[in-house]
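The structure appears below as structure tokens.
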2 protein chains.
Amino acid sequence: MQHTELKVGELARRTGLSIRALHHYDEIGLLEPSAHTASGHRLYTAADIARLHHILSLKQLGFSLEEIAGTLGRADFSALRVVELRLQRAREQLAEQRQLCERLDAIARQLRAAEPVSADDFLQTIEAMTMFEKHYTPEQLKELEARRQALGEDAIKEVEAEWPRLIARMREEMEKGTDPAIEPVRALATRWRELIRAFTGGNPGIEKSLQTMSQQEPQMAWRQGRDPRLMEYVGRAMACLDASK
Amino acid sequence: MQHTELKVGELARRTGLSIRALHHYDEIGLLEPSAHTASGHRLYTAADIARLHHILSLKQLGFSLEEIAGTLGRADFSALRVVELRLQRAREQLAEQRQLCERLDAIARQLRAAEPVSADDFLQTIEAMTMFEKHYTPEQLKELEARRQALGEDAIKEVEAEWPRLIARMREEMEKGTDPAIEPVRALATRWRELIRAFTGGNPGIEKSLQTMSQQEPQMAWRQGRDPRLMEYVGRAMACLDASK
DNA sequence: GTACAACCTCACGTCGCGTGAGGTGCAAGG
DNA sequence: CCTTGCACCTCACGCGACGTGAGGTTGTAC
């Protein structure tokens, strides 16, 4: 009679589990050692160890301890169905994880491209991306990404830098009460439209999404000064452009 | 003075969060409303709402509430570094998730291929795959997978079916005490070697891994009758083959 | 006898809330 | 004035898979 039964420490060492984990499995009834010494020390038999191996196998597949207990409990389950359900769940999680990586990567690229990164810029960048994901379809996002690639970082930066200047000049005219139909404003409105085109690429779906987004998220930081009053002024200037065309 | 401050319910409705979540953020000091009514009802100001948007943005990137609190706490952090660290973590998790999917998919394919799936077969299949992942390098696993693809499911099933028969016949000779150098055994040993070759493809690295695995995991179920005594007999038969070649 | 490792049993902490239980504030209808 | 009903409030436990002590017992060697 060799002492083939193991105590917790030994079993923990051999399986790489912690002693506490084995205690836990005992507590929840997942793996109760079939023997104890007189003083209460746990003794794991060969059968227990085999069961533990099964448990660890199922754990590797991402099943919860409860699911494992259920599966090992009765032997009449459909293995294939169980695995396929688990696989489906895993695939969904994989997709989410992939999306998260893409989000983070996009942010990281943005941050690397724009050198002045105050905490505020950072948060605004993220908020903008969140909004984008909310209001554009994945295809539209891909198209936008493609356009950015094609234009190159420098061109994008130039456009980004032009916006505040354009907004400031437009506001100036509005404050002066200039008629949006006449000249300095006509040129500004034309340029305004061009900058939007540079972003949307003339894609009507993207333009529409941009509109709904700017209507539904009026507090968005990317407006940087495009308040409703100014937007209304710009809208009138645009209308005049169209009318006289 | 418009009542621009929101109560919890309203804010919850607008953000899609639960009331309890907002309470929680208050509890842990992540988002404490800057005002309360006389009766203690929470009043969220525009600034609070802006902060909440920042919180949700960071949450979307997978940061924990504690990390978010820390990030929003002081404004002097390196945004890029934070994001890159998070990205690294996310990539690791993505790799793990991908591996899990592959494991599950492999199991599912196995189960679909072999029609009789008792619970025991199921667990043995998983255990075998776990062992494989432990003892073979990823490249070796890829090569094995490629070989399976090339051979086709049917051929594999035939080989799998032949093993028990071969083992039984070999054991028969051993029980009879047949000299492993003479005929019926020579043929069996030759076939034995062929079946192993069919699996390893003659790759020496894979053969070596197979050896170390069969030595270190003697309790493995895939041995299905290949006990040490039999293995020793087979070893002698192989040696005789080599000697007379 | 005594040191020391290995074992034991509580029991609380983790993370992001869900889910009640039990009470209060406030406006409208009977 | 009283009730109804809704939105709000504050506890406080629960989940999942253990980690991490605290404080006590057992087993073995010197």
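Note on naming: letters A, B, ... go to the chains in the order of the sequence lines (proteins, then strands), and numbering restarts at 1 for each one.
Applying the side-chain hydrogen bond (donor to acceptor under 3.5 Å, both in side chains) test between A/Arg42 and each of A/His36, A/His23, A/Glu32 identifies A/His23 as the sole match.
In this model, the phosphate group of D/dC18 is approached by a side-chain N or O of A/Lys59 to a distance below 4.0 Å at OP1 or OP2. Residue B/Thr37 places none of its side-chain N or O atoms closer than 4.0 Å to OP1 or OP2 of C/dG25. For B/Tyr25 and C/dC17, the shortest distance from a side-chain N or O to OP1 or OP2 is below 4.0 Å.
What separates CG of B/Asp26 from P of D/dC11 is a distance of 12 Å, to the nearest Å. Remark: P of C/dG16 and CG of B/Leu30 are 10 Å apart, rounded to the nearest angstrom. Spacing between atom CD of B/Gln60 and atom P of C/dG16 amounts to 16 Å, rounded to whole angstrom units. Rounding to whole angstrom units, CD of residue A/Glu5 and P of C/dC7 are separated by 15 Å. Across the protein-nucleic acid pair, B/Leu31 atom CG and C/dG16 atom P stand 15 Å apart, rounded to whole Å. Taking atom CD of B/Glu27 as the reference point, atom P of C/dG18 lies 12 Å away to the nearest angstrom. Regarding A/Arg20, its CZ atom lies at a distance of 12 Å from the C1' atom of C/dG13, rounded to whole Å. The distance from atom NE2 of A/His24 to atom P of C/dC10 is 16 Å, rounded to the nearest whole Å.
The local environment of CD in A/Glu207 is crowded, with over 12 non-hydrogen atoms from other residues, nucleotides or ligands closer than 6.0 Å. By the neighbour-count criterion of 12 heavy atoms within 6.0 Å, atom CD of A/Glu10 is densely surrounded, having more than that number from other residues, nucleotides or ligands.
Nearest heavy atoms, A/Ala12 versus A/Ser18: CB-C, 4.2 Å.
At a cut-off of 3.5 Å, with distance as the only test, no side-chain donor of B/Asn203 or B/Gln140 sits close to an acceptor on the other residue.
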Sequence-aligned protein contact record of nucleotides 3-9 of chain D, with B where the base is within under 4.0 Å of a protein heavy atom and S where only the sugar-phosphate is: -----SS
For residues 93-100 of chain B, tabulate all N or O donor-acceptor pairs below 3.5 Å that involve a side-chain atom, not counting sequence neighbours.
from, atom 1, to, atom 2, distance (Å)
B/Gln93, OE1, A/Gln97, NE2, 3.3
B/Gln97, NE2, A/Ala90, O, 3.2
B/Gln97, NE2, A/Gln93, OE1, 3.3

Verdict with reasoning, A/Arg109 to A/Glu145, per salt bridge (charged side-chain N to carboxylate O under 4.0 Å, His left out): CA-CA 12 Å; A/Arg109 268 178 299 156; A/Glu145 177 59 25; 3.1 Å; yes
